[in-house]
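Everything on this sheet refers to the single structure shown next.
This one's a predicted model, so the numbers in the text were calculated from it and none came from an experiment. Counting starts at 1 for both ligands and their atoms, in listed order.
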Amino acid sequence: MLENPLMAGLGLPREPRPLTLVIFGASGDLTRRKLVPALFSLYLKGSIPGVRVVGFARRDWDTQKFRALVRGWLDSDDTPSASAEVKDAFASGVGFIKSSFEEAAGFGQIATDFARPANRVFYLATPPDSYHTIVEQLRTSGLSSQNGGFSRIIVEKPIGRDLQSARALNEQIARAFPEEQIYRIDHYLGKETVQNIMVMRFGNGIFEPVWNNRYVDHVQITMAETLGVGTRGGYYETAGAVRDMMQNHMLQLLSLVAMEPPVDLDANSIHEEKVKVLKSIAPIAGQRVATETVRGQYEKGIVEGVEVPGYRQETGVDPESTTETFAALRVYLESWRWAGVPFLLRTGKRLSRRTTEITLHFKRPPLLLFAERKPGATPPNELTFRIQPQEGITIGFNSKIPGPTTEMRTVNMDFSYGSAFGEELPEAYERLLLDAMLGDSTLYMRKDEVDSAWRFITEIINGWKESGRPAVSPYRAGSSGPDAAAALLGDPGRRWRRL
Ligand code: BG6
């Protein structure tokens, strides 16, 4: 049964049929840091009693060794706490196949050693250069076909590095798996606060009437990180902020905040509306990259009290690299609802504070009664989705300062998940893994979403390559990014939100 995620919690069953989950790249960071903790959390909640987890990697391990490793990972801080017995029980249930991705025998072993249950979910947690080989092996071994059960594949980003390579990869996966068996993951869609964007917009009557170009002056989407590239310098050099964050996470957030109400809550109705937003983005191509985009790169500085090196000094990074670690875009949507409203997107590493948020900045009232008395006295109202940290929603509006004058100040009305529900929010991967096992692709990306997002991003990357503009502006680690980003605001009354 296909279950609607927005209905979860309304008493519908959330337990997948018995299945084998094969993780390709089981020796990697993603498996240790995200997948195993998420699976363990689901296990603790009793959500996946019939799920068999099998690691698949070329590392010289066997099942005993893998079990011991998994058991050790369960003691890390990222993993929900539980008794030693419960951790032992989880770890002793995992399986392992040692094989390279080129060896057909390893894939044969999946079919023989884990013949039952016939339902299978494959997770590509490997570097993307292995995707091709694995998908081909799954096809030729027959594992991608649904013989008496289901067979699904979860694909991690990056899905390609431009429009052409993304299409080639999507086509290759499509030769092995039909679209309804493919789950393209964007972990941001698994975050509770991101799911709440739709509930907040379409589950209430008071917001939608003002959610358009008559009332909204502009929208800001910020994804600021304090982290640098860490050990991922090699990968990051080939990616940069636009490929790493904008093409996927930021455009997904943009589509959720700008989409029309779906006709239904099933996966396709939602994908349909999201893709319309992505298709409506006005291209930023050729010379326009110079005025509509900003790119930056961090230099050494102090982040959260610690001195950190510049990007060019990071391991695996070219000392003359021009890869952007900060990017900002001014995006317009060619749609009835949003024509003329700039969506200002920015993301960067090594900024002063870690924050992901979406803010709608409303137009000022038509008559500035109070501004006449004191210029600048009527700051615009703002509605902010705080995606992380301190997840919640804030509405900023003006209030009279108590006393004999009519002076006012912006005050906040705050909804905070922590205090409202008093529960820890589940990790994004937990929700996404469970959905894929249940056969619900609502929170995954459909092929045409990936395609439209890449079409837009590829034009920007090509524009940068051809024109060399705008130059990559250096910014100090621990700052709010390059000053050049202010140029995108356009109107002197607009400000980037303080980080
Ligand atoms: C990943 C990017 O997709 O998202 C990383 O590759 C980034 O560079 C990460 O750090 C941010 O995710 P989160 O959930 O920590 O905000």
Can you see whether [X] engages [Y] through a side-chain donor-acceptor pair at a distance of less than 3.5 angstrom?
| X | Y | value |
| --- | --- | --- |
| T31 | W73 | no |
| T325 | Q297 | no |
| S416 | D414 | no |

Nearest heavy-atom neighbours spanning G160 and W454: O-CZ2, 3.2 Å
Over 12 foreign heavy atoms within 6.0 Å of CG, N412: yes
[X]: numbered ligand 1 atoms lying under 4.0 Å from its heavy atoms:
| X | answer |
| --- | --- |
| K349 | 5 (C), 7 (C), 8 (O), 10 (O) |
| K157 | 1 (C), 2 (C), 3 (O), 6 (O) |
| K191 | 13 (P), 14 (O), 16 (O) |

Give a yes/no on ligand 1: does [X] have at least one heavy atom closer than 4.0 angstrom to it?
| X | result |
| --- | --- |
| H249 | yes |
| T356 | no |
| Y236 | no |

Options H187, E225, R232, ranked by nearest heavy atom to atom 5 (C) of ligand 1, top entry: R232
Side-chain (D244) to main-chain (G240) donor-acceptor, under 3.5 angstrom: no
Test: D451 and R167 ion pair at under 4.0 Å: yes
Who's the nearest protein heavy-atom neighbour of [atom], and how far?
| atom | result |
| --- | --- |
| atom 15 (O) of ligand 1 | R354 NH2, 3.9 Å |
| atom 8 (O) of ligand 1 | D244 OD2, 2.6 Å |
| atom 16 (O) of ligand 1 | Y188 OH, 2.4 Å |

Check: Q388 N/O within less than 3.5 Å of ligand 1 N/O: yes
Centroid separation F343 to W338 less than 6.0 Å: yes
